[in-house]
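Computed over heavy atoms, backbone and side chain alike; hydrogens, waters and symmetry mates excluded.
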Amino acid sequence: MELLAADIIVLKGNRLGPSSHYLVAAGAVVADLLNASRYSPPRPCYRRLAAASFTKGPVGYEPCRRVLTDLARHGMITIYSGTAAFANAPGYVTRIVPTALFIERFTKAGIAPGDRLFHFSYAENAASVALIQKRAGNRRTLTWKKIKGRPIPVDIDDPKVAALAEPILAINTFMAAQRLSLADGWELTPGYDGVQPVLPDDVRFFRCFNCGDDPAFDWNMGGRLSVVGGGYQSLKKQYRPFILINDEPTVEIDVSACHLTIAHGLLGLPLPAREELYQAGSIDREVVKLFVNSTLGGGKTPKQWTGEHCKRFDAGDTTRLRRQYPLSMVTDEIVASIPSVKTIMDSDLKWYTYQWKEGEIATEATYLLSQKGICALPNHDSIRVPIQFGDIAKDLFSSIFHEHVGIYPYLKSK
């Protein structure tokens with residue numbers, strides 16, 4: 001970073017080189033730009049550039065502004081200035097896009113975008129990422145594009161907030177002494193794209209609640225247990241079986257059809273006498289899953305397969321879902337095979353209730369296992385533990401699920 005900074009910076013006054021604050025800002029900016037450069041075309045990085053948004057953060061406003069200005073002057077980034085919201089028109093944060101020159105510069109230096117975590121580490125202040133967060137409800141633009149809800153300040157002295165944060169703080173303290181790594185063989189998995197996966201072992205959790213501006217909000221909407229920076233939760237699915245915890249092989253304990261199971265429990269409905277809940281005649285399981293989860297999330301059956309549905313079903317042929325499984329053909333069969341879907345549709349359950357229950361269950365399970373000296377890696381509807389503790393974790397997970405939802409789930413170990 002010192003060499004890059006020396007090349008791009010315009011020194012002022014009697015300075016002989018970039019300041020330590022400038023170097024910190026340059027490292028943070030470049031690391032994020034390298035992450036964005038992994039995609040084709042490169043994705044934009046988003047950042048509010050109002051001075052107040054940097055208050056108490058690890059990077060200062062003035063050093064960040066100077067780094068961005070210097071990179072833009074050398075043609076290494078393109079900056080699209082943000083706009084304020086007005087009336088019904090949404091505001092946009094500033095977007096920073098890495099250019100081909102940026103990618104070429106770092107590739108020649110031996111730092112490929114996919115290898116950034118071998119050269120950069122994210123060291124965030126504990127105060128910079130709150131354990132408990134809250135956001136307003138998402139909004140839609142006139143073109144139906146979803147806009148993430150704005151952050152809402154959280155009163156850390158609120159007894160409810162303190163109670164929510166206590167187990168997460170204990171989990172994070174325990175996780176600081178654990179080590180995550182990948183076993184050999186991941187490069188032989190189908191779908192390996194030539195980029196070595198990186199598994200950060202500095203795991204720290206937080207919970208972000210949704211719909212904080214809803215009058216009925218009482219820390220009961222959203223709130224999944226998430227990892228700062230994504231961590232192992234953002235690891236591609238095919239690599240997860242290779243995760244080692246303290247050099248020990250692991251097993252994943254997964255809830256079959258988690259949201260559907262939660263709905264059954266909260267409404268007092270018995271689960272079907274089969275472990276595969278996404279089953280409807282001859283219809284492909286993934287089609288049933290897309291249909292049911294769309295119904296649970298929206299509170300009504302989908303009227304059409306969206307582009308996102310089609311991509312999830314078959315990214316290589318986005319027309320296959322509509323062509324092979326038109327909704328007019330599958331809706332009646334799915335509802336007939338899973339009659340509880342109609343009852344759930346008529347209930348008041350919303351997507352944020354399912355995520356809230358997931359967060360409560362995952363937090364309690366991870367905390368109680370840590371108290372037994374067992375490291376668990378929750379991922380919303382599953383937990384991963386060392387194989388030797390698989391049975392203990394499975395029994396505990398099932399018991400906690402029952403306490404929160406009123407039903408024992410079908411669990412799969414894989």
**Report entry** Flag, side chain of R274 to backbone of E276, donor-acceptor distance under 3.5 Å
**Finding:** yes
Query raised in the report: Do side-chain atoms of R179 reach the backbone of D247 as a donor and acceptor pair under 3.5 angstrom?
Result: no
Query raised in the report: Could D70 and R73 be called an ion pair, given the rule that one side-chain N must be under 4.0 Å from one carboxylate O?
Result: yes
Query raised in the report: Taking the side chain as C-beta and beyond, is there a heavy-atom pair between L368 and K372 under 4.5 Å?
Result: no
Query raised in the report: Do the non-hydrogen side-chain atoms of L327 and P302 ever get within less than 4.5 Å of each other?
Result: yes
Query raised in the report: Can you tell if the side chain of H264 reaches within under 4.5 Å of the side chain of P272, non-hydrogen atoms only?
Result: yes
Query raised in the report: Are any of the side-chain heavy atoms of I96 and D32 separated by less than 4.5 Å?
Result: no
Query raised in the report: Of all heavy-atom pairs between C64 and V29, which one has the smallest distance, and what is that distance?
Result: SG-CG2, 4.3 Å
Query raised in the report: Angle class for the Y325/F313 ring planes (parallel below 30°, perpendicular above 60°, tilted otherwise)?
Result: perpendicular
Requested in this report: Measure from the side-chain N and O atoms of S398 to the backbone N and O of D395, and report whether any donor-acceptor pair falls under 3.5 Å.
Outcome: no
Query raised in the report: Quick check: does any side chain N or O of D158 sit under 3.5 Å from a backbone N or O of K160, one acting as donor and the other as acceptor?
Result: yes
Query raised in the report: Is the backbone of E275 close enough, under 3.5 Å, to the side chain of S256 for a donor and an acceptor to pair up by distance?
Result: yes
Query raised in the report: Just by distance, with hydrogens left out, do Q355 and H380 show a side-chain donor and acceptor under 3.5 Å apart?
Result: no
Query raised in the report: Quick one: do K357 and E360 make a salt bridge, cutoff under 4.0 Å?
Result: no
Query - No-hydrogen, no-angle side-chain donor-acceptor test under 3.5 Å, H402 and S399 - result: no
Report task. Might you confirm whether atom CZ of R47 has over 12 heavy atoms from other residues, nucleotides or ligands at distances under 6.0 Å? Result -> yes
Query - Side chain T318, main chain A315, donor-acceptor under 3.5 Å - result: no
Query raised in the report: Is E62 paired with R66 through a side-chain N to carboxylate O contact shorter than 4.0 Å?
Result: no
Query - Backbone of R384 reached by a side-chain donor or acceptor of T250 within 3.5 Å - result: no
Report task. Identify the residue among I262, T261, L271 that makes a side-chain contact (heavy atoms from CB on, under 4.5 Å) with P409. Result -> T261
**Report entry** Side-chain touch T107/P113, heavy atoms, less than 4.5 angstrom
**Finding:** yes
**Report entry** Any donor-acceptor N or O pair under 3.5 Å, side chains Y354, D381
**Finding:** no
Report summary line: Residues S413 and I253: closest non-hydrogen pair is OG-CG1, 4.2 Å
Query raised in the report: Quick one: are C208 and R224 in side-chain contact, heavy atoms under 4.5 Å?
Result: no
Query raised in the report: Within a reach of under 6.0 Å around CG of D348, are more than 12 heavy atoms found that belong to other residues, nucleotides or ligands?
Result: no
Query - Heavy-atom check, side chain of T366 versus side chain of F174, under 4.5 Å - result: no
Query raised in the report: In terms of heavy-atom contacts, does CZ of R135 have more than 12 from other residues, nucleotides or ligands at under 6.0 Å?
Result: yes
Query raised in the report: Taking the six-membered ring for Trp, are F102 and F106 parallel (under 30°), tilted (30 to 60°) or perpendicular (over 60°)?
Result: tilted
Requested in this report: Take atom CG of D391 as the centre, draw a 6.0 Å sphere, and report whether it contains more than 12 heavy atoms from other residues, nucleotides or ligands.
Outcome: no
Requested in this report: Over all heavy atoms of both residues, which pair between C310 and R322 is shortest? Give the atoms and the distance, please.
Outcome: SG-NE, 3.6 Å
Report summary line: Between Q233 and L225, the two heavy atoms sitting closest are NE2-O, 3.3 Å
Query raised in the report: Does E286 reach the main-chain N or O of D314 with its side chain, forming a donor-acceptor pair under 3.5 Å?
Result: no
Report task. Please examine the side chains of F217 and I152, heavy atoms only from C-beta on, and report whether any two atoms are closer than 4.5 Å. Result -> no
